[in-house]
Amino acid sequence: LSGAGPAREAFVTAAHVVEGCVQLAIDRDFPDGDYAPVRGVVRHRVADVAVVVGEGAPPRLPLGDDATLARGDAGYGYG
């Protein structure tokens, strides 16, 4: 998953989301459908966790004490 080329982004998802998939894409601009191919997936041996690597990624979820979310922002959940 390393090497030269376009900028790569990685994010975490549940392993069952990518299990059995033959081809994956990342929607970088939901809901407009700007899709980028996934370059690799690394799944944990036991836990239901996977790291997905592709060119570009959706906007990051702001975290921390200074993070702000506003009505209408994308929602995320994990756990």
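Just the heavy atoms: all of them, side chains too, but no hydrogens, waters or symmetry mates, feed the values below.
- In the hydrophobic cluster analysis, where Ile, Leu, Val, Met, Phe, Trp and Tyr join through side-chain heavy atoms closer than 4.5 angstrom, F11 is grouped together with V18.
- Of all non-hydrogen atoms in G54 and I26, the two that sit nearest each other are CA-CD1, 3.8 Å.
- The heavy-atom pair separating A47 from A15 by the smallest distance is O-CB, 4.4 Å.
- Residues V17 and C21 share a closest heavy-atom pair of O-SG, 3.8 Å.
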